[in-house]
Amino acid sequence: MIMARILITSAIPYINGIKHLGNLVGSQLPADLFARYMRARGHEVMFICATDEHGTPAELAAAKAGKPVDEFCAEMHAVQKDIADGFRLSFDHFGRSSSPRNHRLTQHFAGALAENGFIEEVSEKQVFSIADNRFLPDRYIEGTCPNCGYDKARGDQCENCTKQLDPTDLINPRSAISGSTELEVRETKHLYLKQRSLRADLEAWIDSKTDWPVLTTSIAKKWLNDGDGLQDRGITRDLHWGVPVKKGDQPWPGMEGKVFYVWFDAPIEYIAATAEWADAHGKADADWERWWRTDKGAEDVRYVQFMGKDNVPFHTLSFPATIMGSREPWKLVDYIKSFNYLNYDGGQFSTSQGRGVFMDQALSILPADYWRWWLLSHAPENSDSEFTWENFQTSVNKDLADVLGNLVSRVTKFCRSKFGETVPAGGEFGPREAALIAELQGRLDAYSACMEAMEVRKAAIELRGIWVAGNEYLQAAAPWTVVKTDPEQAAAMIRLALNLIRVYAVISQPFIPDAAASMMAGMGTEDWSWPEDIASALQVLPVGHEFTVPEVLFRKITDEERAEWQQKFSGVRA
RNA sequence: GGCGAGGUAGCUCAGCUGGUUAGAGCACACGACUCAUAAUCGUGGGGUCGGGGGUUCGAGUCCCCCCCUCGCCA
């Protein structure tokens with residue numbers, strides 16, 4: 001196997017609150033699965049995530065919490081970091097889009113784009129709230145709809161009659177933030193990224209990605225071709241919290257007091273976070289640049305992004321336009337794995353309504369592995385999928401407790417009672433064992449192929465099949481019967497089965513890292529080497545090797561618990 | 001209204017460029033086993049593949065129309 005270098009990024013979660021399970025399964029979790037698998041196969045991996053911290057919602061959330069926005073973001077970053085650790089998300093670095101690295105890099109990209117003629121200054125009129133001392137984004141202006149008379153219409157659209165509005169259309173407009181009616185229209189200047197000038201480049205690039213999921217390319221092409229086609233995009237805002245507008249390290253005349261739009265600086269944070277990683281580990285710039293600069297070693301890097309479908313336009317068009325327009329040799333993404341939505345019990349997960357299970361709540365009721373297994377084995381790859389408590393309970397109980405957990409239990413306890421807690425000697429492998437080895441080799445190849453291709457659900461099915469094969473073997477070999485007449489032969493069977501536990505720990509680790517660690521600890525080894533060859537992998541634990549019977553790996557979810565949680569999470573988040 | 005994704009066994013889903021009796025897991029029934037977390041293993045019942053046309057020797061798989069769900073946009 002040739003060692004490869006793989007750069008993996010997960011869409012970066014917004015700072016203003018804790019994410020729900022739908023967000024988790026749409027980007028961070030599958031990205032982690034892929035990162036863990038690639039590391040397990042011996043590849044060099046750089047797995048990057050961060051918090052997305054700028055913009056109006058962050059400012060408002062901070063105000064609501066009664067804290068300065070920078071302090072609020074620092075606290076929420078720590079909270080999200082803890083939860084990510086709780087889910088065992090194995091980021092090499094979990095950065096912050098508000099970092100000095102991202103400030104400098106964002107300003108650098110803007111400067112380069114301007115130099116190459118891809119930035120246009122546009123003067124436009126926006127609503128300014130005197131009481132709030134700030135410009136108001138359209139959706140933060142409320143008033144009476146001129147069309148239907150609804151008195152809580154927003155400046156971008158009336159939610160009652162769905163008519164598209166301009167803020168100036170509203171009757172008796174007021175600030176949605178303070179309620180103040182002291183509003184005035186002011187002239188303000190903004191920078192636009194001339195995406196239309198890069199349209200041909202973008203289209204050619206996307207057309208060259210024939211191996212991308214249809215979900216990814218269909219969304220990209222829609223934005224490229226729909227209506228009037230790809231539009232130029234404003235990349236600055238009249239806000240206080242954000243990356244100050246600069247042309248590289250120089251001031252940008254006329255843009256004083258403005259910041260870059262959150263969607264401009266957020267993807268750049270992928271790069272900046274890698275630089276933050278280098279800083280945090282006392283490494284040189286060359287150490288992160290070899291992942292991102294094709295002129296500095298990134299030519300052989302494979303870059304894979306994970307995200308929900310709502311993020312696809314920014315990753316297929318806006319961010320690539322930023323990179324292409326810089327005319328600098330930054331690494332473009334090689335593969336975009338995108339996901340549909342996970343629904344919750346007949347409806348949508350909703351952050352604003354607190355509907356569904358949020359990441360902190362999930363960890364408070366069950367260990368990470370339960371969630372990881374269910375979410376990954378039901379990842380919304382081909383269409384939206386649905387979380388129900390009944391499905392969660394049966395899947396987890398059956399797959400984890402019955403098929404895998406019980407297998408570990410029956411093997412180790414049987415050995416302990418008949419041979420003691422060491423790998424027993426005697427006997428030889430026969431045709432039945434040879435058949436098992438052949439089957440496992442074939443199934444493992446299929447599993448690996450799915451993991452390489454990021455076919456998450458299929459990989460889970462293959463892995464489960466491998467677990468089942470172990471039970472099938474035991475059932476057919478029946479060492480509990482054989483031991484009565486031929487203890488040596490039974491010993492050979494159990495020797496194989498104990499080694500099987502180690503193999504299962506290694507290959508299951510990307511899905512269920514904690515259980516894998518328990519299995520490995522029980523087997524008394526730290527040999528995580530991937531079972532390239534099953535026959536030899538099943539001899540890693542030698543005769544006489546000591547092990548212990550692990551605690552129950554997965555306890556079952558009871559009907560009472562299921563009913564309780566179903567009730568608890570049906571309504572509004574406390 | 002436009003666009004995109006879907007509508008396959010009770011449930012959750014597989015089914016690439018059309019090809020013999022449409023698959024898996026769960027649930028259900030029966031049987032085997034008793035080492036194990038009342039776990040495991042085997043066998044079986046169950047679907048006119050949203051509806052209607054069409055192309056074809058042959059369509060869940062291609063074309064047209066319609067219905068329904070979800071999302072995005074206007």
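Owing to the predicted nature of the structure, the values given are computational and were not obtained by experimental measurement. Quick note on labels: first sequence line is chain A, next is B, and so on, each numbered from 1. Scope of the values below: all heavy atoms of this structure, side chains included, with no hydrogens, waters or symmetry mates.
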Pair [X], [Y]: side-chain N/O donor-acceptor within cut-off below 3.5 Å:
| X | Y | answer |
| --- | --- | --- |
| A:Q393 | A:R562 | yes |
| A:Q509 | A:R36 | yes |
| A:W205 | A:T316 | no |
| A:T548 | A:E421 | no |
| A:Y37 | A:E452 | yes |
| A:D399 | A:W374 | no |

Check A:Q361 against A:S364 and note the closest heavy-atom contact, atom names and distance.
O-OG, 2.7 Å
When the [atom1] atoms of [N] and [M] are considered, how many whole Å apart are they?
| N | M | atom1 | answer |
| --- | --- | --- | --- |
| B:G18 | B:C26 | C1' | 31 Å |
| B:U56 | B:G50 | P | 23 Å |
| B:C73 | B:G51 | C1' | 29 Å |
| B:C13 | B:C70 | P | 15 Å |
| B:G58 | B:A22 | C1' | 15 Å |
| B:A9 | B:C67 | P | 22 Å |
| B:C65 | B:C3 | P | 11 Å |
| B:C62 | B:C28 | P | 36 Å |

Look at [X] together with [Y] and state whether they make a salt bridge at an N to O cut-off of under 4.0 Å.
| X | Y | result |
| --- | --- | --- |
| A:E439 | A:R443 | yes |
| A:R199 | A:E203 | yes |
| A:R302 | A:D334 | no |

For atom [atom1] of [X] and atom [atom2] of [N], their distance in whole Å:
| X | N | atom1 | atom2 | result |
| --- | --- | --- | --- | --- |
| A:F314 | B:C72 | CZ | C1' | 12 Å |
| A:L407 | B:A39 | CG | C1' | 11 Å |
| A:W373 | B:G25 | CH2 | P | 14 Å |
| A:D369 | B:U37 | CG | P | 20 Å |
| A:N340 | B:A5 | CG | P | 11 Å |
| A:D310 | B:C73 | CG | C1' | 14 Å |
| A:E462 | B:C13 | CD | P | 19 Å |
| A:E472 | B:A39 | CD | P | 19 Å |

Could you write out RNA chain B as a dot-bracket string, with dots for unpaired bases, | for bases paired across to another strand, and Watson-Crick or G-U pairs counted at under 3.5 Å?
(((((((..((((.....[...)))).(((((.......))))).....(((((..]....)))))))))))).
Taking the side chain as C-beta and beyond, is there a heavy-atom pair between A:Y473 and A:L496 under 4.5 Å?
yes
Compute both the distance and the angle, then confirm whether A:K337 meets the cation-pi test with A:F339: under 6.0 Å from the six-membered ring centre, within 45 degrees of the axis.
yes
Can you name the ring-ring contact (aromatic ring centres under 6.0 Å, His included) partners of A:F135, sequence neighbours left out?
A:F128
ring-ring contact (aromatic ring centres under 6.0 Å, His included) filter on A:W371, not counting sequence neighbours, yields A:F392
Whichever of A:S409 and A:Y341 has its nearest RNA chain B nucleotide further upstream toward 5':
A:S409
Which residue lies more 5' along RNA chain B, comparing A:S417 with A:W467 via nearest heavy atoms:
A:S417
Polar pairs (N or O, both sides) under 3.5 Å between protein and nucleotides 14-16 of chain B?
{"from": "B:A14", "atom 1": "OP1", "to": "A:N382", "atom 2": "ND2", "distance (Å)": "2.8"}
{"from": "B:G15", "atom 1": "OP1", "to": "A:K458", "atom 2": "NZ", "distance (Å)": "3.2"}

Value rounded to 0.5 Å, distance of [atom1] in [X] from [atom2] in [Y]:
| X | Y | atom1 | atom2 | answer |
| --- | --- | --- | --- | --- |
| A:N406 | A:F554 | CG | CZ | 12.5 Å |
| A:I15 | A:H54 | CD1 | NE2 | 10.0 Å |
| A:D514 | A:R372 | CG | CZ | 8.0 Å |
| A:K556 | A:Y370 | NZ | OH | 10.5 Å |

Mind running a 4.0 Å heavy-atom check of [range] against RNA chain B and sending the residues that fall below it, in number order?
| range | value |
| --- | --- |
| residues 422-433 of chain A | none |
| residues 539-560 of chain A | A:V552, A:L553, A:F554, A:K556 |
| residues 507-518 of chain A | none |
| residues 436-450 of chain A | none |

Listed by chain and number, what are the side-chain hydrogen bond (donor to acceptor under 3.5 Å, both in side chains) partners of A:Q126, not counting sequence neighbours?
none
Check: A:D52 side chain, A:I12 main-chain N or O, donor-acceptor pair, under 3.5 Å
no
Any sub-3.5 Å donor-acceptor pair from A:H545's side-chain atoms to A:P424's backbone N or O?
no
Please tabulate, one pair per line, each protein N/O and nucleotide N/O from nucleotides 26-34 of chain B that are separated by under 3.5 Å, including the distance.
{"from": "B:C33", "atom 1": "O2'", "to": "A:W480", "atom 2": "NE1", "distance (Å)": "3.3"}

So what does A:V411 hit on the nucleic acid, given a heavy-atom distance under 4.0 Å: a base, only sugar-phosphate, or nothing?
nothing
Any N or O donor-acceptor pair linking the side chain of A:D402 to the base of B:A39 at under 3.5 Å?
no
I need the full list of side chain to side chain donor-acceptor pair (under 3.5 Å) pairs touching residues 11-20 of chain A, with sequence neighbours left out, sorted by first then second residue.
A:H20-A:N23
A:S197: which residues meet the side chain to side chain contact (heavy atoms under 4.5 Å, CB included) condition with it, sequence neighbours left out?
A:F118, A:K194
Of the listed nucleotides B:U37, B:U12, B:C41, the one nearest the side chain of A:V468
B:C41
